[in-house]
Amino acid sequence: MSKHQKRIAAPRSWQISRKTAWWTVKSRPGPHPGDRSIPLLLIVRDMLKLADNSKEAKRILNEGKILVDGRIRKDHKFPVGIFDILSIPEIEANYMVLMDKRGKLSLHPISPEEARNKLCRVENKRMLRGGVIQLNLHDGRNLLLGDEDGEVRTHDSIMLTLGSNAISQHFAYKVGSKAMVIGGRHSAQIGEIEEIKVVRSPEPNVVILKSLEDGASFETIEDYLFVVGEDKIAIPVK
């Protein structure tokens with residue numbers, strides 16, 4: 001696989017200009033897929049405008065001024081993806097990475113209290129030796145499920161307290177829950193799950209939602225769905 005990335009061929013989710021230069025930064029393999037993440041250097045330089053060039057952006061990162069999910073990240077190629085928490089203590093700024101209606105990764109300002117928690121989707125479960133259940137989350141984390149955490153299923157969402165990785169809330173993937181679409185033509189729309197159609201084929205399941213904006217029904221595939229609450233939305237979105 002090539003270690004270089006042409007700007008014109010960069011993922012469409014990146015908010016960068018396409019014709020100002022030939023090359024751009026390529027994400028390092030990490031916790032998020034390439035089409036749902038963006039290198040940290042591009043966030044610092046192109047999205048936040050904290051630097052005029054890559055040299056200045058790398059200096060900011062090397063000085064440990066940027067935190068992702070509560071951890072200092074100095075790798076300028078580190079992939080930052082959906083629902084990651086970006087913090088800059090020096091200017092008291094905190095952001096949550098979301099997908100906008102154009103399918104672009106964007107930064108949503110949040111408060112310091114909101115930056116202490118992160119929403120994660122359960123991608124898979126497995127049984128370890130001794131009967132311990134391990135959750136595989138969308139951002140590459142592997143979390144051991146305790147008896148006090150209750151029953152957590154695949155496609156459910158959990159709210160983690162950053163630092164301790166303790167589960168503070170659990171949102172089930174079921175009819176009536178609130179969910180955000182993170183891909184496809186309905187990207188960034190939030191709706192209430194009305195029906196989950198199980199497809200008996202290699203194709204993904206289809207989910208029908210009722211928009212919280214206008215009440216209209218729309219459908220998307222299960223892979224594009226991220227549960228964000230049950231009775232109410234648990235993340236700070238407009």
Side-chain angles (χ1 to χ4, degrees), residues 1-89 93-110 115 118-124 136-143 157 160 162 165 180-184 187-188 221 223-226 235:
M1 183 179 293
S2 174
K3 295 182 179 180
H4 306 287
Q5 176 69 64
K6 293 182 180 178
R7 274 184 174 258
I8 197 70
R12 306 314 300 175
S13 59
W14 294 9
Q15 290 198 45
I16 60 173
S17 55
R18 302 284 164 170
K19 299 182 180 180
T20 56
W22 189 266
W23 302 102
T24 188
V25 182
K26 183 179 178 67
S27 292
R28 200 179 303 282
H32 296 281
D35 61 337
R36 295 183 186 175
S37 63
I38 184 170
L40 192 52
L41 184 142
L42 297 184
I43 291 180
V44 173
R45 184 189 65 191
D46 297 66
M47 297 177 68
L48 293 175
K49 310 292 184 184
L50 297 177
D52 293 327
N53 50 55
S54 59
K55 183 177 180 180
E56 292 179 3
K58 290 178 182 177
R59 181 181 301 171
I60 292 173
L61 294 172
N62 287 331
E63 290 175 354
K65 296 181 178 180
I66 308 295
L67 283 72
V68 179
D69 293 341
R71 297 182 61 183
I72 294 175
R73 295 293 182 182
K74 297 184 179 182
D75 184 3
H76 68 283
K77 294 185 176 183
F78 180 79
V80 180
I82 294 175
F83 288 100
D84 279 356
I85 305 297
L86 188 80
S87 302
I88 312 172
N94 298 279
Y95 303 93
M96 177 185 291
V97 181
L98 296 173
M99 192 79 76
D100 65 19
K101 293 182 179 180
R102 300 178 299 150
K104 305 285 187 181
L105 290 168
S106 60
L107 300 176
H108 182 84
I110 57 176
K118 180 183 180 181
L119 191 67
C120 296
R121 182 176 66 185
V122 179
E123 298 292 329
N124 193 19
N136 308 128
L137 306 182
H138 85 285
D139 62 352
R141 298 170 191 259
N142 295 320
L143 188 68
S157 292
L160 294 182
L162 294 177
N165 276 344
M180 173 182 284
V181 182
I182 58 173
S187 179
I221 60 174
D223 296 343
Y224 289 161
L225 214 60
F226 207 115
I235 59 173

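Numbers here simply count residues along the sequence, with the first being 1.
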Please examine the side chains of [Y] and [X], heavy atoms only from C-beta on, and report whether any two atoms are closer than 4.5 Å.
X	Y	value
Gln15	Ser106	yes
Ile72	Lys74	yes
Val25	Lys77	yes

Original post:
Sub-3.5 Å donor-acceptor pair from the side chain of Gln5 to the main-chain atoms of Ser27, do we have one?
Top reply: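 A pair under 3.5 Å: no.
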Original post:
Would you say Lys104's side chain and Arg12's backbone share a donor-acceptor pair under 3.5 angstrom?
Top reply: yes
Original post:
Run the side-chain contact (heavy atoms from CB on, under 4.5 Å) check on Ile66 and Arg73 step by step: do they pass?
Top reply: CA-CA 6 Å; Ile66 308 295; Arg73 295 293 182 182; 5.9 Å; no
**OP:** For side-chain contact (heavy atoms from CB on, under 4.5 Å), just list the numbers for Leu160 and Leu137, CA-CA rounded to whole Å, side-chain angles, deciding distance to a tenth of an Å, and then say yes or no.
**Re:** CA-CA 11 Å; Leu160 294 182; Leu137 306 182; 3.8 Å; yes
Subject >> Spatial distance of atom CG (Asn94) from atom CD1 (Ile85) [nearest 0.5 Å] >> reply: 8.0 Å
Original post:
Can you tell me how far SG of Cys120 sits from CD1 of Ile82, rounded to the nearest 0.5 angstrom?
Top reply: 12.5 Å
Could you give the side-chain donor-acceptor pairs of residues 42-57 under 3.5 Å, partners two or more places apart or in another chain?
unit_1: Lys49; atom_1: NZ; unit_2: Asp46; atom_2: O; d: 3.1
unit_1: Asn53; atom_1: OD1; unit_2: Lys55; atom_2: N; d: 3.2
unit_1: Asn53; atom_1: OD1; unit_2: Glu56; atom_2: N; d: 2.9
unit_1: Glu56; atom_1: OE1; unit_2: Asp52; atom_2: N; d: 2.9

**OP:** Run through Pro31, Pro39, Pro29 and flag the one making a side-chain contact (heavy atoms from CB on, under 4.5 Å) with Pro79.
**Re:**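 The passing option is Pro31.
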**OP:** Would you list the pairs meeting side chain to side chain donor-acceptor pair (under 3.5 Å) in which at least one residue belongs to residues 32-44, sequence neighbours left out?
**Re:**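 Pairs touching residues 32-44 that pass the test: His32-Asp84.
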**OP:** Check the pair Met180, Ile235 against side-chain contact (heavy atoms from CB on, under 4.5 Å), reporting the backbone distance first and the verdict last.
**Re:** CA-CA 10 Å; Met180 173 182 284; Ile235 59 173; 4.0 Å; yes
**OP:** Return the set of residues passing salt bridge (Lys or Arg N to Asp or Glu O under 4.0 Å) with Asp139 (not counting sequence neighbours), or none when no residue passes.
**Re:**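 Asp139 satisfies salt bridge (Lys or Arg N to Asp or Glu O under 4.0 Å) with Lys118, Arg141 only.
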**OP:** Could you list all the ring-ring contact (aromatic ring centres under 6.0 Å, His included) pairs where at least one residue sits in residues 7-30, not counting sequence neighbours?
**Re:**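 Those involving residues 7-30 are His4-Trp23.
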Subject >> Under the side-chain hydrogen bond (donor to acceptor under 3.5 Å, both in side chains) test, residues paired with Asp100 that sit two or more places apart >> reply: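 Once residues adjacent in sequence are excluded, Asp100 has no partner under the side-chain hydrogen bond (donor to acceptor under 3.5 Å, both in side chains) criterion.
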Original post:
For Phe226, what residues pass the ring-ring contact (aromatic ring centres under 6.0 Å, His included) criterion, not counting sequence neighbours?
Top reply: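 With neighbours one apart ignored, the set is Phe83, His138.
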Original post:
Please walk me through it: do Asp75 and Leu40 pass side-chain contact (heavy atoms from CB on, under 4.5 Å)?
Top reply: CA-CA 8 Å; Asp75 184 3; Leu40 192 52; over 6 Å; no
